[in-house]
Each structure stands twice: as C-alpha cells, then as structure tokens.
Amino acid sequence: QVQLVESGGGLAQAGGSLSLSCTASGFTFSRYSMAWFRQVPGKEREFVATISSTWRASTYYADSVEGRFTITRDNAKNTAYLQMNSLKPEDTAVYFCAARNGVAVRANSYDYWGQGTQVTVSS
C-alpha cells in the first residue's frame, strides 16, 4: 500500500522553471527523509536532492543542481516538492521521488520509490 506518486513533469525551455510534487501514502511521511533522483536511458540513477525528516529539514543537493533546484516538504500534505529553476537541457531525465526511514543519504539506499515523471528541457 506504500505509494509515492510524482507529478508536475513536462516540457520547459532552457532557463525556465518547473515544479515537481511527490505525494506519499502508506507510511509515516513525517519520519522519513525524502529525496529526488533522476535517470536518463542507459545511465545510472543519479542523486539530485534530499531533505531530512527532522524539524531542521536539512537539505543536500548534487553539485549539478546546487543553487538552481530547491527541495521542500509539507508534512501536513504528505508531499515533497522539487522546484527547478534555470533549467538546462542536461536536466532532461525521468525524475524519481524516494523515501527513507532514517538519515538522508545521497545514495540509492531508499526504502520506497515513485514511478517517475519525465522532465524535458529544450534548448
């Protein structure tokens, strides 16, 4: 019954913005760290951003998106977000939401994964 459902993917122009949402169910969302990963065909899944489950809501970003992307969460809505600004064509990928019962990490060791949502950035 655990589900992570991403939404908000689509097409954006280079330099533009896009917002992704991840709505969770079936587990205690507030106690889980949340993260976003992305993957392109033929490549390994890549860490993008994570936010901790603590009140501090500590965030960590991949160098490639630092300063452009922002991860947030709303525990009342069981939802995590990824605001993507200053998009580049190389940001094109399928973006996956993930949840981990523990400390936020930048590896693929998350407990639950969403189905992914396509983000395409045109030049």
Side-chain angles (χ1 to χ4, degrees):
Q1 67 175 327
V2 170
Q3 291 188 35
L4 296 175
V5 181
E6 301 98 333
S7 62
L11 177 65
Q13 299 279 355
S17 298
L18 205 60
S19 296
L20 305 182
S21 298
C22 170
T23 300
S25 61
F27 63 96
T28 306
F29 179 83
S30 63
R31 305 186 72 166
Y32 279 66
S33 296
M34 301 297 297
W36 290 93
F37 291 78
R38 64 188 183 187
Q39 188 171 31
V40 299
K43 300 294 190 296
E44 293 185 43
R45 190 169 297 179
E46 175 190 26
F47 168 79
V48 175
T50 189
I51 184 167
S52 73
S53 62
T54 69
W55 68 270
R56 295 171 60 189
S58 300
T59 58
Y60 303 92
Y61 298 91
D63 291 342
S64 59
V65 306
E66 180 73 49
R68 300 188 298 119
F69 291 8
T70 303
I71 185 171
T72 57
R73 66 189 297 158
D74 186 339
N75 289 340
K77 296 181 178 179
N78 283 5
T79 301
Y81 306 91
L82 185 68
Q83 177 65 46
M84 304 183 292
N85 298 324
S86 301
L87 284 164
K88 304 174 180 180
E90 50 262 46
D91 294 320
T92 296
V94 176
Y95 283 70
F96 296 89
C97 176
R100 187 176 192 271
N101 186 12
V103 65
V105 298
R106 306 181 189 188
N108 291 328
S109 57
Y110 281 74
D111 298 307
Y112 308 124
W113 294 84
Q115 83 288 348
T117 185
Q118 176 70 45
V119 171
T120 302
V121 183
S122 62
S123 59

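Since we're looking at a predicted model, the values are computed, not measured.
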Would you say [X]'s side chain and [Y]'s backbone share a donor-acceptor pair under 3.5 angstrom?
| X | Y | answer |
| --- | --- | --- |
| Gln39 | Ala93 | no |
| Arg31 | Ser53 | no |
| Thr92 | Val121 | yes |

**Complete:** Those residues at least two apart in sequence (or on a different chain) that pass side-chain hydrogen bond (donor to acceptor under 3.5 Å, both in side chains) with Asn101 are none
**Prompt:** Do Phe29 and Met34 come close enough that some side-chain heavy atom pair is under 4.5 Å?
**Reply:** yes
**Item:** Of all pairs that satisfy disulfide bond (SG atoms under 2.5 Å apart), the ones with a partner from residues 53-86, not counting sequence neighbours
**Value:** none
**Request:** Any pair with a residue in residues 21-123 that passes disulfide bond (SG atoms under 2.5 Å apart), sequence neighbours left out, goes on the list, sorted by first then second residue, please.
**Result:** Cys22-Cys97
How long is the straight-line distance from [atom2] of [Y] back to [atom1] of [X], given to the nearest 0.5 Å?
| X | Y | atom1 | atom2 | result |
| --- | --- | --- | --- | --- |
| Trp36 | Ile51 | CH2 | CD1 | 12.0 Å |
| Leu18 | Gln83 | CG | CD | 8.0 Å |
| Asn78 | Arg73 | CG | CZ | 9.0 Å |

**Request:** Can you tell me which residue pairs pass the ring pair (Phe, Tyr, Trp, His ring centres under 6.0 Å) test with a partner in residues 82-116, sequence neighbours excluded?
**Result:** Phe27-Tyr112, Tyr32-Tyr112, Phe37-Tyr110, Phe37-Trp113
**Prompt:** Taking only residues two or more places apart in sequence, or in another chain, which ones meet Arg68 in a salt bridge (charged side-chain N to carboxylate O under 4.0 Å, His left out)?
**Reply:** Asp91
**Request:** Can you tell me which residue pairs pass the salt bridge (charged side-chain N to carboxylate O under 4.0 Å, His left out) test with a partner in residues 9-21, sequence neighbours excluded?
**Result:** none
